[in-house]
Each structure stands twice: as structure tokens, then as C-alpha cells.
Peer 1: 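Mind having a look at this structure? Questions to follow.
Just so we're clear, the structure is a prediction, and the values are computed from it rather than from any experiment.
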Amino acid sequence: MRLLLMSDTHLPRRAKRLPAPLLDELPHADVVVHAGDWVDTATLDLLESHSRRLVAVYGNNDGPELRARLPEIAYADLGGLRFAVIHETGPARGREARCAARFPGLDVLVFGHSHIPWDTTAPTGLRLLNPGSPTDRRRQPHCTYMTATVTGSGLSDVVLHRLPPR
């Protein structure tokens with residue numbers, strides 16, 4: 001099962017549209033994950049209409065229309081792995097322990113908010129992934145998104161994709 005992970009798209013404030021390399025990944029993804037801060041409903045409509053399955057949440061910059069359509073936390077069983085998606089996880093310091101305590105029994109937590117790519121594993125085995133932002137790199141060298149594969153043995157082929165400058 002192929003996953004496409006993104007967050008913090010901030011359209012149309014930070015970009016006019018999603019980058020072509022990210023859109024090119026949509027037909028290859030069994031599941032698209034968006035960890036919030038869409039800003040516009042058009043991007044949600046686009047991903048809903050072009051994804052086989054969308055697992056998504058709202059973020060702190062998302063208004064009432066998006067909050068009416070999306071949860072704060074989304075849970076999904078993907079290929080036998082227990083996933084949750086949330087926008088904010090708090091400060092980087094202590095994140096693994098804090099999230100492992102808040103989300104016991106999960107295998108993977110996808111989050112956003114910081115625009116900083118993140119891939120760590122808590123002592124409990126919880127994998128924490130932040131795909132960064134495909135449209136707003138902030139203080140990062142590149143805009144980014146992630147892909148991953150769920151296999152019978154777990155999560156593999158987690159790749160952080162760096163997008164070319166706009």
C-alpha cells in the first residue's frame with residue numbers, strides 16, 4: 001500500500017496550486033494523508049476527487065468550512081498498521097515521549113504545523129512523521145512531502161521528497 005503524506009499546503013496564500021511533482025504522485029497513492037493547514041476548501045475538494053482514500057485533519061489556520069468537513073484527529077487502519085493524523089504535537093523537545101503517552105497503541109503518527117520534516121521513533125515503537133510543506137518551506141532549504149509503503153512487516157520506503165524551487 002503506497003502512501004502520499006503532506007501537510008501545511010496553505011493555498012492560495014503560500015502558493016497558487018500544489019506543485020506538479022506532488023500532483024503526479026496522486027495516481028500512484030493508495031492513501032493520501034494531509035495533516036492540516038489547507039486554508040482553502042478547493043484543495044480538499046481536489047484531493048477528495050483525485051484520491052483513492054484520503055485521511056485528513058484540519059489545522060490551526062483552517063476556518064469553519066474546513067473544520068466542518070474534517071476532524072481534529074483522524075484514525076485509520078492502513079494495511080494492519082494503526083495510524084493517527086493530527087496537525088499540532090507541541091514543541092520538538094520531548095515530542096516522542098509526549099506523543100507516545102497521548103497515542104498509546106498506535107504504530108504511526110503523522111503530524112504537521114512546523115513545516116519541518118521529521119522522522120523519528122519513540123521508545124514505545126511509535127513512528128512520528130512530519131512531511132514538511134510542499135508550498136511553504138519557511139526556514140527549511142526545500143519544500144517537501146513524503147511517500148511511504150505499508151507492507152505486511154510494517155512501514156518501509158519512507159522517502160522525503162524535496163521539491164525544486166518555484
Peer 1: Would a hydrophobic clustering, with Ile, Leu, Val, Met, Phe, Trp and Tyr connected at side-chain separations under 4.5 Å, put L70 with V32?
Peer 2: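 Same cluster.
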Peer 1: Under a single-linkage definition using a 4.5 Å side-chain heavy-atom cutoff for Ile, Leu, Val, Met, Phe, Trp and Tyr, are M6 and L129 assigned to the same hydrophobic cluster?
Peer 2: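 Cluster IDs for M6 and L129 differ.
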Peer 1: Without hydrogens or angle criteria, can the side chains of D8 and H113 be said to hold a donor-acceptor pair below 3.5 Å?
Peer 2: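 Short answer, no.
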Peer 1: Could you grab the distance from atom CZ of F111 to atom NE2 of H87, nearest 0.5 Å is fine?
Peer 2: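 Output value for this atom pair is 10.5 Å.
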Peer 1: Donor-acceptor check, side chain of S114 to backbone of I116, threshold 3.5 angstrom: yes or no?
Peer 2: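 Such a contact is found between S114 side chain and I116 backbone.
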Peer 1: Is any side-chain heavy atom of H142 less than 4.5 Å from a side-chain heavy atom of L163?
Peer 2: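 Counting from C-beta outward, H142 and L163 never come under 4.5 Å.
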Peer 1: Would you check if there is a donor-acceptor pair between the side chains of T144 and R162 at a distance under 3.5 Å?
Peer 2: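 There is no such pair between these side chains.
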Peer 1: Are L22 and V158 in one and the same hydrophobic cluster, where Ile, Leu, Val, Met, Phe, Trp and Tyr link if side-chain heavy atoms are under 4.5 Å apart?
Peer 2: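 In one cluster: no.
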Peer 1: In this structure, are over 12 heavy atoms from other groups packed under 6.0 Å from R52 atom CZ?
Peer 2: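 Atom CZ in R52 is crowded, with more than 12 foreign heavy atoms closer than 6.0 Å.
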Peer 1: I'd like to know if the side chain of D37 reaches the main chain of N60, judged simply by a donor and an acceptor atom lying under 3.5 Å from each other, with no hydrogens or angles considered.
Peer 2: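 Between the backbone of N60 and the side chain of D37 there is a qualifying donor-acceptor contact (under 3.5 Å).
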Peer 1: Can the ring centroids of H10 and H115 be said to lie less than 6.0 angstrom from one another?
Peer 2: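 Judged by ring-centre distance (under 6.0 Å), H10 and H115 do meet the cut-off.
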Peer 1: Verify the cluster assignment for L5 and W118: are they in a single hydrophobic cluster under the rule of side-chain heavy atoms below 4.5 Å apart?
Peer 2: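 They do not share one cluster, since no chain of ILVMFWY contacts under 4.5 Å joins L5 to W118.
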Peer 1: Are any non-hydrogen side-chain atoms of M1 and V31 less than 4.5 angstrom apart?
Peer 2: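 With C-beta onward as the side chain, the pair touches.
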Peer 1: Is a donor on one side and an acceptor on the other found under 3.5 Å between the side chain of D62 and the backbone of W38?
Peer 2: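 Here the side-chain-to-backbone pair exists.
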Peer 1: Would you mind checking if R69 and D45 are paired as a salt bridge, meaning a charged N to carboxylate O distance below 4.0 Å?
Peer 2: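 Salt bridge between D45 and R69, a charged N being under 4.0 Å from a carboxylate O: yes.
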Peer 1: Between L126 and T121, does a side-chain contact (heavy atoms from CB on, under 4.5 Å) hold up when you go through it step by step?
Peer 2: CA-CA 5 Å; L126 174 66; T121 303; over 6 Å; no
Peer 1: If we ignore hydrogens and angles and just use 3.5 Å, is the side chain of R67 paired with the main-chain N or O of G59 as donor and acceptor?
Peer 2: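 Yes, R67 side chain to G59 backbone: donor-acceptor pair under 3.5 Å.
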Peer 1: Should T89 and L109 count as side-chain neighbours, where that means a heavy-atom distance under 4.5 Å?
Peer 2: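 The answer is yes; the side chains approach within 4.5 Å.
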Peer 1: Among the clusters formed by ILVMFWY side chains lying less than 4.5 Å apart, do L66 and L46 turn up in the same one?
Peer 2: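 Looking at the clustering, L46 is in the same group as L66.
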Peer 1: So, do R127 and D119 sit near enough that their side-chain heavy atoms are less than 4.5 Å apart?
Peer 2: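 Touching, per the 4.5 Å side-chain cut-off.
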Peer 1: Looking only at atom types and distance, does a side-chain atom of R98 sit under 3.5 Å from a main-chain N or O of P91, one as donor and one as acceptor?
Peer 2: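 Such a contact is found between R98 side chain and P91 backbone.
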Peer 1: Counting distance only, does the side-chain N/O of S51 pair as donor-acceptor with the main-chain N or O of L54 below 3.5 Å?
Peer 2: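 The answer is no, because no donor-acceptor pair under 3.5 Å joins these two groups.
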Peer 1: Between the side chains of D136 and S133, is a donor N or O closer than 3.5 angstrom to an acceptor N or O?
Peer 2: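 No pair is found: no donor N or O on one side chain lies under 3.5 Å from an acceptor on the other.
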Peer 1: Take atom CD of E65 as the centre, draw a 6.0 Å sphere, and report whether it contains more than 12 heavy atoms from other residues, nucleotides or ligands.
Peer 2: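 Counting neighbours around CD of E65, 12 or fewer heavy atoms of other residues, nucleotides or ligands fall under 6.0 Å, so no.
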Peer 1: Mark yes or no for whether S7, through its side chain, and P131, through its backbone, hold a donor-acceptor pair below 3.5 Å.
Peer 2: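 The answer is no, because no donor-acceptor pair under 3.5 Å joins these two groups.
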Peer 1: Would you call D107 and R82 a salt bridge, using N to O less than 4.0 angstrom?
Peer 2: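 Result for this pair is yes, salt bridge flagged.
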Peer 1: Can you tell whether the side chains of R2 and D157 come within less than 4.0 Å, N to carboxylate O?
Peer 2: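 So R2 does not pair with D157 through a salt bridge.
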